[in-house]
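Structure, as structure tokens:
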Amino acid sequence: MEYQYGLNLFTQALKEFEDKNGFVEKFDTSLVNRFTFLNKLYTISFCENRDDLNLWRGYCPKEGGIAIGFDKSTLFPDKDVIVNKCQYGNPYKGIIGDSNYQRIKSKFKNIEGLYKDREHIQFTYDLAHIKSEGFIGENEWRGVSFGTNQKIDYYVKNSMIVPFYDQSFNKKSIKQILIGPTVHQDKIKEALEIMTKQHNITCEISKSAISFVQY
């Protein structure tokens, strides 16, 4: 749905340009849906907020959780996943000019070459990083991958069947573990110190300063 959100903004910008300039022969926007990678991308979400009450509430069980801080530059050394900051709002508003419009039409006339076109591939990745302004408080960074040569599994979430795959990462990219609001912070810290030592992970382990506990 989030990927479709970006697609809708893009096709809307094309239509507004056509209407504004009185185009009779209009671009077939269904081609954008058919020849982007709508159902072929896999994503993983991160957040630049370190200790945020809204995120503890929204993404953790009431008994508590942890936040893991990564070094983005070393997280996926094989570049299997491309991580970029999400764009909030509408990046396409007002940027469709005549030269852009004609170039887009020309590209989509050559359907067979689209999947090899660097600009089109970049466009696809950009679409996967566009979010509604309603989520701007999350300050999300999103990793995007095609999941090439990966074993796809499935899990059920809120009655939806969701495809996923296990992605390897560099454990040395873990730089910090933050223990969320809970009455058991000290015990969790002790366990994390043992676990990180066993796995040769050197990182800071600290506790959330937010005084919020759910019972």
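Residues take their numbers from the sequence shown, with the count starting at 1.
If you chain together hydrophobic residues whose side chains sit under 4.5 Å apart, Leu9 and Ile95 fall into the same group. One hydrophobic cluster, built from ILVMFWY side chains closer than 4.5 Å, cannot hold both Leu178 and Tyr59; they sit in different ones. Put simply, Phe46 and Ile136 are part of two different groups of oily side chains (I, L, V, M, F, W, Y) that touch within less than 4.5 Å, one to the next. Following chains of ILVMFWY side-chain contacts shorter than 4.5 Å, one can reach Tyr5 starting from Tyr125, so the two form part of one hydrophobic cluster. Linking ILVMFWY side-chain heavy atoms closer than 4.5 Å, directly or via other members, places Phe70 and Ile179 in a single hydrophobic cluster.
Annotation: the span from Phe123 atom CZ to Leu7 atom CG amounts to 6.0 Å, rounded to 0.5 Å. A distance of 12.5 Å separates SG of Cys203 from CG of Asp71, quoted to the nearest 0.5 Å.
Ile152 approaches Pro163 most closely through the heavy-atom pair CG2-CB, 4.0 Å. Of all non-hydrogen atoms in Gly137 and Asn49, the two that sit nearest each other are O-ND2, 2.9 Å. Closest approach of Lys151 to Tyr165, counting heavy atoms only: O-CB, 3.4 Å. Contact detail for Asp80 and Ser145: the closest heavy-atom pair is O-OG, 3.2 Å. What you find for Ile210 and Ser208 is that their closest heavy atoms are N-OG, 3.1 Å. Considering all non-hydrogen atoms of both residues, Glu25 and Lys105 come closest at O-NZ, 3.8 Å.
Side chain of Asn21 to backbone of Phe17: a donor-acceptor contact under 3.5 angstrom is found. At least one donor-acceptor pair closer than 3.5 Å links the side chain of Gln185 to the backbone N or O of Gly180. For Arg142 (side chain) and Thr43 (main-chain N/O), no donor-acceptor pair under 3.5 Å exists by modelled atom type. The main-chain N or O of Lys172 is found under 3.5 Å from a side-chain atom of Asn170 such that the two form a donor-acceptor pair. Distance alone, capped at 3.5 Å, is enough to place a donor-acceptor pair between the Lys171 side chain and the His199 backbone. Remark: the backbone N or O of Ala209 is paired with a side-chain donor or acceptor of Asp51 at under 3.5 angstrom. Judged by distance alone, the side chain of Thr182 and the main-chain N or O of Glu63 form a donor-acceptor pair under 3.5 Å. Side chain of Asn158 to backbone of Met160: no donor-acceptor contact under 3.5 angstrom is found.
A side-chain donor from one of Gln4 and Asn8 sits under 3.5 Å from a side-chain acceptor of the other.
For the side-chain contact (heavy atoms from CB on, under 4.5 Å) with Ile130, the lone residue among Phe10, Tyr3, Tyr92 that qualifies is Tyr92.
A salt bridge between Lys197 and Glu193 is absent, with no side-chain N of the basic residue lying under 4.0 Å from a carboxylate O of the acidic one. Taking 4.0 Å as the cut-off between side-chain N and carboxylate O, Lys207 and Asp186 count as a salt-bridged pair.
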TODO: Show the numbers, then the answer: is there a side chain to side chain contact (heavy atoms under 4.5 Å, CB included) between Ile201 and Ile177?
DONE: CA-CA 11 Å; Ile201 297 172; Ile177 299 177; 5.8 Å; no
Open item on the list: Test side chain to side chain contact (heavy atoms under 4.5 Å, CB included) on Leu41 and Phe146; report intermediate values, then the result.
Closed with: CA-CA 5 Å; Leu41 289 180; Phe146 284 103; 3.5 Å; yes
- Message: Run Leu55 and Glu138 through side chain to side chain contact (heavy atoms under 4.5 Å, CB included) and show every step you take.
- Response: CA-CA 8 Å; Leu55 295 173; Glu138 293 188 348; 4.1 Å; yes
Test side chain to side chain contact (heavy atoms under 4.5 Å, CB included) on Gln150 and Gln167 and set out the steps.
-> CA-CA 9 Å; Gln150 300 287 350; Gln167 172 65 47; 4.2 Å; yes
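Residue-environment remark: CG (Asp98) exceeds the threshold of 12 foreign heavy atoms within 6.0 Å.
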